Amino acid sequence: MASGFGAHGGVGRCYPFWQDFSNCVKNCEDPSHCMNQKEDYFECLHHRKEITRMNAISAEIRRQQEEKDKAAGPKPGWFSFPSFS
């Protein structure tokens, strides 16, 4: 977890965030002041905000592409069968 050693030697990618969080908790009388450091550390570990943002961007790109495809109409070379309802 917070050993400081990375998977391939050297310093782990989240160790600096862990140090900031750990120092804050040690030096503060009220640990609730360290929520920003805790949030940074957990984001480094789990990437939840990054993944959420990437999913939102991908959904928006798909939505814009579908809207563009609808506005363009049928593609050349393709035809649609008439509906017999």
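Here the structure is a predicted model, which is why all the values come from computation and not from measurement. In what follows, residues are counted from 1 in the order of the sequence shown.
With hydrophobic clusters built from ILVMFWY side chains whose heavy atoms lie under 4.5 angstrom apart, V25 shares a cluster with L45.
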Disulfide (SG to SG under 2.5 Å) between C34 and C28, intermediate numbers included: CA-CA 8 Å; C34 302; C28 285; 3.9 Å; no
Derivation and outcome, salt bridge (charged side-chain N to carboxylate O under 4.0 Å, His left out), residues R63 and E60: CA-CA 5 Å; R63 186 193 66 77; E60 179 63 19; 2.6 Å; yes
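Note on ring orientation: taking the six-membered ring where Trp is involved, the planes of Y41 and W18 are tilted (angle from 30° to 60°).
Under the 3.5 Å distance criterion, the side-chain polar atoms of E43 are matched with a main-chain donor or acceptor of K49.
Expressed to the nearest 0.5 Å, how far CE of M54 lies from NE2 of H47 amounts to 10.5 Å. Separating the OG atom in S22 from the OH atom in Y15 is a distance of 8.0 Å, to the nearest 0.5 Å. Remark: D40 CG to C14 SG distance equals 10.5 Å, nearest 0.5 Å. We find the CD-CD distance between E39 and Q37 to be 10.0 Å, quoted to the nearest 0.5 Å. The distance from the OG atom of S58 to the CD1 atom of I51 is 11.5 Å, given to the nearest 0.5 Å.
Checked by atom type, the side-chain pair Q19/N23 shows no donor-acceptor distance below 3.5 Å.
Contact check for K38 versus M35: side-chain heavy atoms found under the 4.5 Å cut-off.
Using a 4.0 Å cut-off between charged nitrogen and carboxylate oxygen, E67 and K70 do not count as a salt-bridge pair.
Annotation for R13: atom CZ counts as buried by contact number, over 12 foreign heavy atoms lying within 6.0 Å.
Residues V11 and P16 approach most closely at CG1-CD, 4.3 Å, considering heavy atoms.
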